[in-house]
Amino acid sequence: MFNGIERRVASLWFPRLASDRVLRRRPFSGPFVLTLKQKNANRIYCLNHAASKQGLHQGMPYSDARAFCSDLQSRCAEPEKDRTFLHLLRRWATRYCPWVGLDGRDGLVMDITGSTHLFGGEEAMLADMRMRLMRAGLSVRIGMADTRGAAWALAHYNEGIAPPGQTLSALAALPVTSLRIEEQMSVALQRLGLRRVEDLAETARGPLNRRFGPALLQRLDQALGAQPEEISPQIEPPHYGVRMTLPEPIGLLSDTMAGVERLLVKLGAKLNAHEQGARELCLTLRRVDQGQQQVELRLARPLRDPSRILPLFERGLAEIDVGFGVDMLRLEATQVESLPSRQLSHVADQGHDKLDDLISRLGTRIGLENIQRFLPADSHIPERSFYMAPTAYSEPANGWATLRPRPICLFPPEPIAGHGRHPPKRFRWRRNALTTGRATGPERITPEWWLEDENWRSGIRDYWRVETTQGRRLWLFYTPQNPGWFVQGEFA
Amino acid sequence: MLLREGRGISQVNPNGFADFLDPARLTLCNSHDQAETLALAEEALRSGAVSLVVMQINRPLSLTAGRRLQLAARDGNSIGLAIIPEGMGSNAAETRWRCTPTFDPNTQVHDSTLQHWELIKNKSGTLGAWYVQWDRASRRVIMVSPPRK
């Protein structure tokens, strides 16, 4: 195109991408639509060929569609999954050329310059794409041309190949909408009698520019190759997986550990290059009899140091049944977090690392959620003055302000016999007869009206510290609005 | 580090002990049963990453389990403390204490923490008893031997 190199672009359009994706999973030959709530109504988002034949179309309200077609099947559309699927297709398309970009929400654009001969020419490449995609259950329309705009126009309006240098003749008969212009602009052009690309190309440029602005001519030039247009390939997200195949199966724990160590070194280098740390690791062992065993490891902190991760695998590997031996190891960091390099210092706290390792190790046994720490919360209600958070996913917080003595042990309120505003002289609690030696109080705590709490229905509480002559120090409360005495805690 | 079985209804209230110990330094593990508690305790003791491991135990500790914990604690150079119900101590234990809160009729301080600590087993020394009290102002423990009869 420019400086003598002839550029070739292929554009792939998947008109039924979303419904094809769903139907690949659960095939159904009748009319099928995906619906999505758009413009205040449940509308058809994508539909299959059978549904189009029945006269349904995209954007039609779903209730109308059901009236047209009684045996219509539908599911909710999931645009997010469609996008992921399109990214997978993009990755697949790199088998044809390295330069593949996304085009809208249902298309791909590939720069196939210089790679067509590998597939035996353009026709053969196109046939190969079509065959593979059809086998995968996707309907596709492919256009090939010198420019991205022309390839797009061909894919959407007249599937085929525009031979090199004959872009204009290939596009001539196509409607002006094939130039990727706005709806409004194309309607205005049609009103002027400019219905086809050919008409537009022959019209004087000056008046067009004045009437429609530079956007229209830019699109035209891009389609005809007078202006360049880039294709931006997507960056491959880094893949944190390494594997090792062995010529002979191994079975001993020490051998497997040695294998894992080699993998960890490789993975660690990869993580180091991206300044990431692994949070979850998954080790897959393939046995000789094709069985698979998995060891999952969740870490208390993001880590990439092989010597620290390796001992944590020991427990999981010891439980694995290797059968006749393992001949492939695959280690993948399924979840990574950023772990920037840090300056080494002489005050580095070794104790913290040791505690994190311990938590990871205990976490493999009882789950990381069961290892918790206390965090302060801003509330006067004793049960809500703190909360528990998994140690691995929280940072320690300060701000423990205890204005008044609080019991060391809290339990759900247990009723005791007693009446009056002052603590009973004698009472029974948990089958113990207790005598009040000294009572301190009351400390009034009112419920938080902004939070609904079943336990605080009885209204305000007057808390008393009661020291019994038997020794135990209890936290009692009286509910004046709903008279009754309760024990809620015990002091040290 | 505090190890306990998850089923108990009573909660540890960090505001209650914030005076003695910074709650940020405490890690809590909820286990499913006693065997798991002991396994966790052994691992934690052996690692030496925590200085004190407290476990709550409801059933008597076997001699083997007690000895294993003890070896682990020696390897990790840390202290293991089991809170046991009365009369369920393990023979392997190094020391055993009975702590009872005591009513203190003399003082006028309203947040008394007087306790009677009794050393009821000691493998490498004599038994004893003390009255122990936390002094809030000076942030230290006051220990007084009871008067001899």
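Letters go in sequence order (proteins before strands), and every chain restarts at 1.
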message: Heavy-atom pairs under 4.5 Å with chain A: which of B/P23, B/A24, B/A39 has the most?
response: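 Most heavy-atom pairs under 4.5 Å with chain A: B/P23.
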
Can you tell me which of [options] forms the most heavy-atom pairs within a distance under 4.5 Å of chain B?
options: A/E383, A/R361, A/R472, A/R373; answer: A/R361
options: A/D357, A/I366, A/L375, A/T391; answer: A/I366
options: A/A397, A/G367, A/P376, A/G437; answer: A/G437
options: A/P396, A/P407, A/G489, A/P382; answer: A/P407

Would you check if A/L362 and B/C29 make a side-chain contact, meaning some heavy-atom pair closer than 4.5 Å?
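In contact.
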
Pick one of side chain, backbone, both or neither for A/T468, based on which atoms fall under 4.5 Å of a heavy atom in chain B.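 Only the backbone of A/T468 comes within 4.5 Å of chain B.
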
Practice prompt. Examine whether an atom of A/Q470 lies under 4.5 Å from a heavy atom of chain B, and if so say whether it belongs to the side chain, the backbone or both; otherwise answer neither.
Written response: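 The backbone, not the side chain.
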
Centre-to-centre under 6.0 Å for A/F486 and A/W456, is that the case here?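 No, the ring of A/F486 stays outside the 6.0 Å limit from the ring of A/W456, centre to centre.
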
**Asked** Taking the six-membered ring where the residue is Trp, are the ring centres of A/H422 and A/W464 under 6.0 Å apart?
**Response**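 Ring centroids of A/H422 and A/W464 are less than 6.0 Å from each other.
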
If the threshold is 4.0 Å, N to carboxylate O, is there a salt bridge linking B/E94 and B/K121?
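Salt bridge between B/E94 and B/K121, a charged N being under 4.0 Å from a carboxylate O: no.
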
Above 12 or not: heavy atoms from other molecules or residues under 6.0 Å from CH2 of B/W117?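 Check fails, neighbour count at 12 or below.
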
Toward chain A, the part of B/T100 with a non-hydrogen atom under 4.5 Å:
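The answer is neither part of B/T100.
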
For a quick test of your reading: what N or O donor-acceptor pairs under 3.5 Å do the side chains of residues 73-82 of chain B make, sequence neighbours left out?
from, atom 1, to, atom 2, distance (Å)
B/D75, OD2, B/R46, NE, 3.3
B/S78, OG, B/L45, O, 3.1

